[in-house]
Amino acid sequence: MCGVVGIVSHSPVNQYLYDALTVLQHRGQDAAGIMTINNGMFKLRKANGLVRDVFEQKHMFRLAGNWGIGHVRYPTAGSSTSAEAQPFYTNSPFGISLAHNGNLTNAEDLRAELKSEARRHVNTSSDSELLMNLFAHQICESADMDLQPENVFTAVKAVHKKARGAYAVVAAIVGYGLVAFRDINGVRPLVLGQREAEQGMEYMVASESVALDAVGFSFVRDVAPGEAVYITEDGQLYSEQCSDEAKLVPCIFEYVYFARPDSAIDGISVYDARVQMGKKLGQKIKRVWDHLDIDVVIPIPETSCDIALEIASTLNIPYRQGYVKNRYIGRTFIMPGQQQRRKSVRRKLNAIASEFKGKNVLLVDDSIVRGTTSEQIIEMAREAGAKKVYFASAAPEIRFPNVYGIDMPTPNELIAYGRDVEEVCEMIKADGLIFQDIEDLVVAVKTGNETISKFETSVFDGNYITGDVTQEYLDRLDNIRNDSAKAQENQNQTASLDIHNIN
Ligand code: AMP
């Protein structure tokens, strides 16, 4: 997963972009980048690492200009080397820089087509570089030297026709303006905000509404699936629906785990969605586990806290914080190999023994992916003196890979792949395990916006909304994504496109 931001302001934009990226940091801790435009020239700083580590004061001084784009990266396809930090840049036509969140499902076909039809070279395995070249080629086809909003929209229409998958894109065209668009199903989120300045309106687009809050922009609306928003350098806003096949099918996992609770996506507060998940799961526990004697509900911090609190109140059982999280350590999931991932759970969480001693505890997590976290957390609960350890997951069993930009492991690495609840329970060594039903998850999230009729739920049910995900594609993905392939690619990767990067 990644986070994107774009701002067109009337004053220097570097600090705003930086601040926005820091509140989008949860969407990617792997690499960060900012591209600003000053007097018709791009200024770029991008590197591996957290936002606070990538940008030093000297970089910020040189990221001059009143408009620009930014990105935080979480590796999905490809590797985590700096060659694939974003934004990307191409000098033709006009000078275009692009960053994106998502994943293309027809990347290989597009790569070949760009080469044979447009003579465009894509230097990395990043989908974003591919998308940028596709977009740049379509801009080239649709405009002469005088780029008008309708030329931009024509280009985005062509991109939608060719690209399959999920993408929320921000792009800067030197001398013209900022373009933002969302795939025709709106799988990945993108919001539009504005702020009144003395010189006129300023605009911002970002992956999540929390970024608007952080830099003082007010929320205008979600960018619609298939829509493109174009903001000229001098602050004129244009927008157009660029696909007649557009239909909103947002990713449900954003609500389960990814997005911040203080964001709203497609009219649904992430926090409210989690509270509803807790209510639904609490009701299921009441129905199915009526006979169990549970003394206390304990969340696995932090995503599941809001969910666990609601479960506790539905069950009328005390809610206690039994684990303390070390704030200064990254998410365990992003560690490169399984062994490192195992160790890091204990570095991240520690149990408060008094909350467990002699009690039957119900642990709540938002989801179980590989099961490594759950297994160790259950072990910690027992070491702390728990009598019985029950486990509840606010998401259903994850059994299928994600092809739309979430870094999920390959099926073989998913604990629920090919296993039923009892088998997973046995593997994580719980005394009982319960998963949310998919119907309940959908109802919980939908409560915030009844107009959404469908969500992207493929990790739970294997139904891929783009309709083009074949077993062959999944096998190829498997080869790129499994732990040993990732380790190998990280070693091999040497290419770099960082021609203009400020060091
Ligand atoms: P595990 O089952 O050990 O793989 O870890 C599950 C935990 O990882 C859950 O508590 C989630 O909060 C978190 N999680 C779920 N999906 C992801 C993801 N795609 N990337 C990072 N962390 C995740």
Side-chain angles (χ1 to χ4, degrees), residues 1-3 25-30 72-77 80 101-103 166 187-188 251-261 270 274 277-278 281 298-308 323 325 329-349 363-381 391-417 419 421 424-425 427-430 433 435-436 441 456-460 477 481-483 486:
M1 189 62 78
C2 300
Q25 186 79 80
H26 60 285
R27 299 186 68 85
Q29 303 93 36
D30 191 50
V72 282
R73 185 175 193 276
Y74 194 115
T76 38
S80 62
N101 169 211
N103 187 54
V187 174
R188 300 267 70 90
C251 170
I252 207 156
F253 212 71
E254 291 275 352
Y255 302 96
V256 170
Y257 172 72
F258 257 102
R260 269 181 48 152
V270 175
R274 291 190 185 148
M277 284 174 215
L281 188 53
I298 294 179
I300 316 293
E302 296 175 26
T303 317
S304 72
C305 293
D306 307 326
I307 301 166
Y323 293 99
K325 185 172 175 180
I329 193 159
R331 285 176 174 173
T332 52
F333 203 89
I334 60 167
M335 302 296 179
Q338 184 72 0
Q339 267 197 321
Q340 207 175 337
R341 198 176 291 118
R342 276 189 71 86
K343 268 192 265 151
S344 61
V345 176
R346 274 176 190 267
R347 277 190 249 133
K348 187 165 129 180
L349 285 179
L363 304 184
V364 179
D365 208 347
D366 54 88
S367 56
I368 300 178
V369 185
R370 297 171 191 258
T372 28
T373 314
S374 335
E375 188 190 339
Q376 287 181 69
I377 278 170
I378 290 167
E379 195 178 293
M380 282 161 74
F391 203 95
S393 163
E397 297 90 317
I398 297 176
R399 296 207 163 103
F400 300 90
N402 186 285
V403 301
Y404 300 126
I406 293 183
D407 185 33
M408 281 288 178
T410 57
N412 283 327
E413 294 160 344
L414 294 169
I415 193 167
Y417 175 71
R419 295 194 181 94
V421 181
V424 176
C425 181
M427 284 189 76
I428 62 174
K429 302 185 189 76
L433 171 64
F435 285 97
Q436 181 98 266
L441 175 62
E456 206 298 302
T457 52
S458 56
V459 294
F460 307 119
L477 208 64
R481 286 197 184 163
N482 65 54
D483 278 344
K486 275 185 185 162

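Just so you know, ligand 1 is whichever comes first in the structure, and atom 1 is the first atom listed for that ligand.
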Enumerate the atoms of ligand 1 whose separation from the nearest heavy atom of [X] is less than 4.0 angstrom.
X	answer
Ile368	2 (O)
Ile406	19 (N)
Ser367	6 (C), 9 (C), 10 (O), 11 (C), 15 (C)
Asp366	9 (C), 10 (O), 11 (C), 12 (O)
Tyr74	18 (C), 20 (N), 21 (C)

Sidechain-backbone polar pair: Arg274 side chain, Ser304 backbone, donor-acceptor under 3.5 Å:
no

Flag, side chain of Arg73 to backbone of Asp30, donor-acceptor distance under 3.5 Å
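No, because the side chain of Arg73 does not come within donor-acceptor range (under 3.5 Å) of the backbone of Asp30.
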
Determine the minimum heavy-atom distance between Leu281 and Gln436, stating which atoms define it.
N-OE1, 3.2 Å

Using every non-hydrogen atom in the two residues, find where Ile415 and Val424 come nearest and quote the distance to one decimal.
O-CG2, 3.8 Å

Got a salt bridge between Glu375 and Arg370, using NZ or NE/NH1/NH2 to carboxylate O under 4.0 Å?
no

Between the candidates Phe258, Tyr257, Phe253, which shows the shortest non-hydrogen contact distance to atom 22 (N) of ligand 1?
Tyr257

Quick one: does [X] get an N or O within less than 3.5 Å of an N or O on ligand 1?
X	answer
Gly371	yes
Asp365	yes
Val369	yes

Can you say whether the rings of Phe460 and Phe253 are parallel (under 30°), tilted (30 to 60°) or perpendicular (over 60°)?
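Phe460 and Phe253: tilted rings.
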
Should the proximity of Thr372 to ligand 1, defined as any heavy atom under 4.0 Å, be assigned to the side chain, the backbone, both, or neither?
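Answer for Thr372: both.
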
For ligand 1, is any non-hydrogen atom under 4.0 Å from Asp407's backbone (N, CA, C, O), its side chain (CB onward), both, or neither?
backbone

Salt bridge (Lys or Arg N to Asp or Glu O under 4.0 Å) against Glu456, all qualifying residues, sequence neighbours excluded:
none

Could I get the full list of side chain to side chain contact (heavy atoms under 4.5 Å, CB included) partners for Ser393, not counting sequence neighbours?
Ile368, Ala395, Phe435

